Each structure stands twice: as C-alpha cells, then as structure tokens.
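Just so we're on the same page: letters track the sequence lines, and every chain starts at 1. Just so it is clear, the model here is predicted, and its values are computed rather than measured.
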Amino acid sequence: MSEERSLNFIEEIVEEDIRNGKHAGRVLTRFPPEPNGYLHIGHAKSICLNFGLAHRYNGQTNLRFDDTNPTKEETEYVDSIKADIKWLGFEWANELYASDYFDIIYAFALTLIREGLAYVDDSTPEEIAIQKGTPTEPGTGNQYRNRSIEENVRLFEEMKDGKYPDGAKVLRAKLDLASPNMHMRDPIMYRIKHAHHHRTGDKWCIYPMYDFAHGQSDAIEEITHSICTLEFIPHRALYDWFIEQLEIFPSKQYEFARLNLNYTVMSKRKLLQLVEEGHVEDWDDPRMPTISGLRRRGYTPASIREFCERIGVAKRENMIDVSLLEFCIREDLNKTAWRRMAVLDPIKMVITDYPEGQTEALYSENNPEAEGGDGGRDLHFSNELWIEREDFMEEPPKKFFRLGVGLMVRLKSAYIVKCHNFVKDANGNVTEIHCTHIPESKSGNDTSGIHVKGTIHWVSVPHAKTAEVRLYDRLFQVEDPSNEDNDFKEYLNPNSLHIIPKAYIESDFANAETGKGYQFMRKGYFTLDKHSTPDHLIFNRTVTLKDGWVKK
RNA sequence: UGCCUGAUAGUAUAAUGGUAGUACGACGGUUUUUGGUACCGUUUGUCUAGGUUCGAAUCCUGGUCGGGCAACCA
C-alpha cells in the first residue's frame, strides 16, 4: 500500500471532520444515480470517489436510486447500474430508493406547510417562470402565496388524492422571491404526475422534486458527506434550508468537478440520442464511454479504477485526454494479457527452402512480462505463412526494420528469414513474398550468430484459424463535440468502426476465453465480443499498442 | 449587466506564507526475439496589475478569462 499520494480536498474535509469528532468519526457516503440511463466513465469517477472515501475512512456507501421522476425511469436501468458497480469492484452497504421515502417526504412537506413555509400554487409553468424574475431582477409573488395554512393543507392532500390533473398545481416553498440565487425563489417541491412508477406503481400521483428529495433522503440515511458535481452548488443553500427547517439530520453537500473526456460526449441525454438514432449499436457499443461499453471494448475494472485515481478530484473544470485512459488499460493488460499472433491484413510468405508439407511445433511463452512467461503454447510452422502486408515494402526506406528484397527479419519464436523476391498480380499488387530461412537461427537455440533488427508476427497458412476483427477509433473527430457550433452529431467520426471480416489467427485461439484480454503481438489488445461464437470468433480491439515507429 | 464558482507546463494534479513537485503526453537515449514493455534523460508552468511580508502559487485589492444559475429534469 503506497498511500503517499496527497489528499484531495474532499479527503481533507473528511479528515478534519474526523479529527473534530463530527458524527463520532462516522463516514457514510452515497452514490445516487437516477435510473434513467446507463452509467458512464464520469459516474465511475463518482463511484470511485464515494466508495473510495468510505473504504479509506472505515465507512460505508449506500447505493441510492434517485427515482423521483417516474416518466424517465426504468427497472432495466436499475439492473444495469447495479451490475456496473459490482463489475467495477465495489459493494454498497444498502440498496435504497428515494421512492422508499415518499411517505416520509410527504410528511415533511406537510410539516413545512403547517409552519407556513410552503404553499400550493395554481399557476402554469409559464407563469411561474415569469414570476421568478431573472438573475438581475427580483421575482414577484402571486395571490396563491397568501393562501391560509388550512387551505394549503387541504389542497396538498387533494393533490395527493388525485383530484387534479397533471400540471394543475404545485407545492412551493415560501422562501425568498428576491434571492440572488434563483433556486431560492420559491422552488417547487412537489408536482402532479399521474404516471406509473417503476417501484411504487400507481400509489402516488404527486412526486417530490430533486431539491425536496435528495437532501431529505441523505438526512434519512444519515449520510455524513453528500458528494455531487459542481452544477449543484446553487442548490446547496436550498439543501441546507430544508434540512434546517425540518430539523433533520444535518447531512452536508460537497461538490467536485465532473469528468470530461475529450473526443466523446458524457451526458446521458446525448448518449441516449446516439443509441436511439442508431449512431452506435447500443448503450454497450464498444465506442461508447459507458461502463458497459468500456467493458465490451476490453477495459478492465482495475484499469478504470486506476484512471479515476490518476485524474484526481478537484473543483476546477477539466478535460481529460483519452490517452490517459489508454495508458491505464495498456499498463494493466501488458502485465496480464497473453500474447498471440494474428495477421489482420495478410499477404503470403513462401519459404522456398522449407520442405512443402513439413510441419514443426515451436514453443512460445504467453507473456514475457510474467514470471516464467505465464506458460506457453506451441505455434505451428510450415513453408507458407501469412504475414502483415505492411511488414513488406518494395522500396524500403533506410530505417525500415522489416522485409524488402535482400532484407532479413526474425519470425517471432521461429527462424530468421531473408527475402529474395516477390510476386505481383496484373494490377501491380504484391501477392507473395519469397524467402529462405536460416535453420541455425531457430528460436531458443540460435547458433547462427546473425543479428536482425526486426521481428515480425506470422501465422502458418495451413494451421490458421479465422476471425472477424473490429477496430475502433474515437467516436468524434473533435475534442469537445458538445462545445462546437453545430449539433454534436455532426462531428461523429465516420471511421470510428473498421471491420476486418477475415483475419488469420493462430490455432491456439480455439481456446479463446470471453472476458480475457489478449495482445495481438505488435497490433494491440483485443478481447472477444459478446456476439462471438466458437464458429465465428469476433474480436474487439481495446486499444492499439503504443507505436514508436515514425513513418516517413 | 446580478449571484455563485474557478484559474499552477500540452493535459491533469500537488506544494496549506519558506527550494514550484508528480503523472500522462511529446522529444532523445539504453535494453529488447513485440518499432511493445522496462530503464535513463530532456522539454514546457503559478491568468494579470498592484499591495502586505525578510519571503507570496498561497494572504489583500482591482482587472481579465473560463464554468454554472431563470426545468412541474436530476
């Protein structure tokens, strides 16, 4: 455990609270998603923060679904959210729902009405908006603001009893219509929605707003540190006001800057659009920044946790470079992924001095980074091999450490070969490369004394299996699609998915396992797609290898 | 032109009045049967103008720039 990292500002707050004996040193955080979409990498930051904080200070974290708007929420989302959090490696103390507190919150509302701190307003949304004023002009009241407590109680009960249609009335806090903080200008606490709720069914036709549910839920659970993103800063005054008036547990809200990643979008609304308009396959399309998309792409929980650790937590707006995310998954997979050979853009190599029909098994370790290579497997060698088209050049430049007439390379775990000539078709495309091999250079007991700069991967033609390979690139062509002049979808990268229908892969892939990351040597990290079958293997490229070769 | 926030290398993040540091990126080198990895090195920074102080990224004042706020969304 190297805990030398300095504390982020929230950890400092927590440590000070503990030092001061606040809540007897107890730490209880919560992760409060609205079940109206799938979790994305931005949520991962929040999850790591909340669960990480609890873990660090011997506390706990509740999973609470903020399900106060029945028209947008579905059980499907609840299930996916739970699965994603578990997959990331976190365990919540309690699975809770804001909707579990509807009775209590209703009682809270009644309490405020009886104290003259809330009233029923019959105005239309448009009227209310106008009456709220603008940031530079104070709001104005209306006649409903002066209703008697008795009338407010009666009307609110009638709202609950379904006497009024949607939008006919709302319950508002009687606060300060001239407040410089717009959220304090008599905020709406309850609205009428005759809608079926995914958990409470048709029991309610009035639902509390975020501002009259979130802090209340925090207080009910006795959350010590309620951590949310920066855009809730203006809500904090209201959060505190309700808690004060209700004299309930004094949870405190703290805000940090949400994660922004370049070349993607992070809002649920935009992600939903990409799914619904078919720009991507689904929420778990490997190009999506969703947790499920990253999982399908081949990201590991550890790599995402590491990423969240590295980006830090602060109040400053940020734009994180995807290269950091890529660094994290490469770092993880480099240590664990088995190396395999796959030829994505094949060209045939004929070894003219190797007997036709002869076959030879050559051992190759699974992972040179691991102790003992993490085991190994046999590669099958023959006189005809598939190699990568880009590993041969008719007119190689000076620093090209691969094949060209007269050049030598090592075939990984096999022999050094020398290229003598090549064959072209009528269109001028190279179709075959002819080489001879150096028998004394056999991998493992090389007595040839020959030193070559380049080593390339290969797959024996008669032994090769095939697979579909999907190469992914960034979803958008610009760093911040949401911040451009045009609609964000106009910046979609048309080449974000490149499908190779038939790549050649080594025969050991007959045992390929779902959920495991493989390194296709010199090509990148890949993982089996969820639609892959033994008869039709499909690999997703998680990320390329870092490419240090500068092409001229 | 109201209120709330924030500003440290390209990107993030530390330094809590006392040597501006770390990571990623970029660039260069060593090693290498992956142009990968590992290792070593280089590069670039306190938004601005004043003030307080022996000493300011840090405290104070003015300015500049960024983000948020006027949903019966969360």
Quiz item: Quick one: the side chain of A:H183 and the base of B:A71, do they pair up donor-acceptor inside 3.5 Å?
Solution: no
Exercise. Determine the interatomic distance between C1' on B:C65 and the same-named atom on B:C47; round to the nearest Å.
Key: 7 Å
Practice problem: Report yes or no: is there a donor-acceptor pair, N or O only, under 3.5 Å between the side chain of A:E369 and the base of B:G36? | Solution: yes
Quiz item: To the nearest Å, how far apart are A:D186 CG and B:C72 P?
Solution: 13 Å
Self-check item: Gap between atoms CG and P, on A:N181 and B:G2 respectively (whole Å)
Solution: 16 Å
Quiz item: Just the dot-bracket of RNA chain B, please: which string comes out with Watson-Crick or G-U pairs under 3.5 Å, [ ] for crossing, | for another strand?
Solution: .((((((..((((....[..)))).(((((.......)))))....(((((..]....))))))))))).....
Practice problem: For A:R339, answer base if it contacts any base atom (sugar-phosphate contacts may also be present), sugar-phosphate if it contacts only those atoms, and nothing otherwise; contact means non-hydrogen atoms under 4.0 Å. | Solution: base
Practice problem: Please state the C1' separation for the pair B:G10 and B:C73 - nearest whole angstrom. | Solution: 37 Å
Quiz item: Between atom NE2 in A:H198 and atom P in B:A74, what is the gap in whole Å?
Solution: 12 Å
Quiz item: A:N334 near the nucleic acid: base, sugar-phosphate alone, or nothing, with a heavy-atom cut-off under 4.0 Å?
Solution: base
Quiz item: Separation of A:I320 atom CD1 from B:G10 atom C1', in whole Å?
Solution: 13 Å
Exercise. Give a yes or no on this: more than 12 heavy atoms of other residues, nucleotides or ligands lie within 6.0 Å of atom NZ of A:K418.
Key: no
Practice problem: Could you check whether A:L545 gets within reach of a base, just the sugar-phosphate, or nothing at all, counting any heavy atom under 4.0 Å? | Solution: base
Quiz item: Do you know the tightest heavy-atom contact between A:D66 and A:E34?
Solution: O-CG, 3.4 Å
Practice problem: Could you check whether A:G37 gets within reach of a base, just the sugar-phosphate, or nothing at all, counting any heavy atom under 4.0 Å? | Solution: nothing
Self-check item: Nearest-Å distance once atom C1' is located in both B:U44 and B:A12
Solution: 15 Å
Practice problem: Can you tell me, in whole Å, how much space there is between the C1' of B:C4 and that of B:U42? | Solution: 43 Å
Self-check item: Rounded distance (Å) that lies between atom C1' of B:U33 and atom CE of A:M521
Solution: 8 Å
Quiz item: Hey, does A:S179 reach any base, or is it just sugar-phosphate, or nothing, if we go heavy atoms under 4.0 Å?
Solution: nothing
Practice problem: Remember a base hit wins even if backbone is also touched, and classify A:K546 as base, sugar-phosphate or nothing at under 4.0 Å, heavy atoms. | Solution: sugar-phosphate
Exercise. Identify whether NZ of Lys or CZ of Arg in A:K268 sits under 6.0 Å from the centre of the six-membered ring of A:Y38 and within 45° of that ring's axis.
Key: no
Quiz item: If you pin A:P135 and A:E34 to their nearest nucleotides in RNA chain B, which one's is more 5'?
Solution: A:P135
Exercise. Could you verify whether a donor N or O on one side chain and an acceptor N or O on the other, from A:E369 and A:N367, lie under 3.5 Å apart?
Key: no
Exercise. Can you tell me the distance, in whole Å, between the CG atom of A:N260 and the P atom of B:G10?
Key: 20 Å
Exercise. With P as the reference atom in both, quote the distance from B:G28 to B:G36 in angstrom, rounded to an integer.
Key: 12 Å
Quiz item: Does the side chain of A:D121 pick up a donor-acceptor pair with the side chain of A:N142 at under 3.5 Å?
Solution: yes
Quiz prompt | Minimal non-hydrogen separation, A:C435 against A:C419, with atom names | solution = SG-CA, 3.7 Å
Exercise. Look at all strands and tell whether A:Y210 reaches a base, only sugar-phosphate, or nothing, counting heavy atoms closer than 4.0 Å.
Key: base
Practice problem: Kindly say whether, by distance alone, the side chain of A:Q519 makes a donor-acceptor pair under 3.5 Å with the base of B:U34? | Solution: yes
Quiz item: Between A:S6 and A:E11, which heavy-atom pair has the shortest distance, and what is it?
Solution: O-OE1, 4.3 Å
Exercise. Would you classify A:P368 as touching base, sugar-phosphate or nothing, given that sugar-phosphate means primed atoms plus P, OP1 and OP2, and contacts are heavy atoms under 4.0 Å?
Key: base
Quiz item: Has A:K453 got a side-chain N or O lying under 4.0 Å from the OP1 or OP2 atom of B:U32?
Solution: no
Self-check item: Short side-chain N/O contact from A:T68 to OP1 or OP2 of B:A74, under 4.0 Å
Solution: yes
Self-check item: No-H, no-angle donor-acceptor pair, A:S443 side chain to B:U33 base, under 3.5 Å
Solution: yes
Practice problem: Pick base, sugar-phosphate or nothing for A:Y207, based on heavy-atom distances below 4.0 Å to the nucleic acid. | Solution: nothing
Exercise. Check the side chains of A:N62 and A:E221 for a donor-acceptor pair under 3.5 angstrom, ignoring hydrogens and angles.
Key: yes
Exercise. Could you say whether A:L7 or A:A414 is positioned toward the 5' end of RNA chain B, judged by the nucleotide with the nearest heavy atom to each?
Key: A:L7
Quiz prompt | Proximity to the side chain of A:K315 - top-ranked nucleotide from B:C24, B:U5, B:A26 | solution = B:U5
Practice problem: With C1' as the reference atom in both, quote the distance from B:A70 to B:U1 in angstrom, rounded to an integer. | Solution: 15 Å
Self-check item: Worked check of ring-ring contact (aromatic ring centres under 6.0 Å, His included) between A:H197 and A:F102
Solution: CA-CA 12 Å; A:H197 186 278; A:F102 282 171; 5.7 Å; yes
Quiz item: Say you pick atom P in B:U46 and the same atom in B:A20; how far apart are they, in whole Å?
Solution: 13 Å
Quiz item: Across the strands shown, which category fits A:K193 at heavy-atom distances under 4.0 angstrom: base, sugar-phosphate, nothing?
Solution: sugar-phosphate
Practice problem: Have a look at A:F400 and say if it touches a base, only the backbone sugar-phosphate, or nothing, with a 4.0 Å heavy-atom cut-off. | Solution: base
Quiz item: Can a side chain N or O of A:R191 be found less than 4.0 Å away from OP1 or OP2 on B:C73?
Solution: yes
Quiz item: Does A:R522 make a side-chain donor-acceptor contact with the base of B:G35, cut-off 3.5 Å?
Solution: no
Practice problem: For atom CZ of A:R258, decide whether the heavy atoms of other residues, nucleotides or ligands shown that lie under 6.0 angstrom number more than 12. | Solution: no
Donor-acceptor list for residues 233-241 of chain A side chains, cut-off 3.5 Å, not counting sequence neighbours:
from	atom 1	to	atom 2	distance (Å)
A:H235	ND1	A:D211	OD1	2.7
A:H235	ND1	A:D211	OD2	3.3
A:R236	NH1	A:E255	OE1	2.8
A:R236	NH1	A:E255	OE2	2.7
A:Y239	OH	A:D218	OD2	2.8

Quiz item: At under 4.0 Å, does any side-chain N or O of A:R316 touch on OP1 or OP2 of B:U13?
Solution: yes
Exercise. Taking atom P in both B:C40 and B:U31, compute the distance separating them and give it to the nearest angstrom.
Key: 15 Å
Exercise. Describe the nucleic acid contact of A:G548 in one word from base, sugar-phosphate, nothing, applying a heavy-atom distance below 4.0 Å.
Key: sugar-phosphate
Quiz item: With sugar-phosphate meaning primed atoms plus P, OP1 and OP2, does A:S364 contact a base, only sugar-phosphate, or nothing at under 4.0 Å between heavy atoms?
Solution: nothing
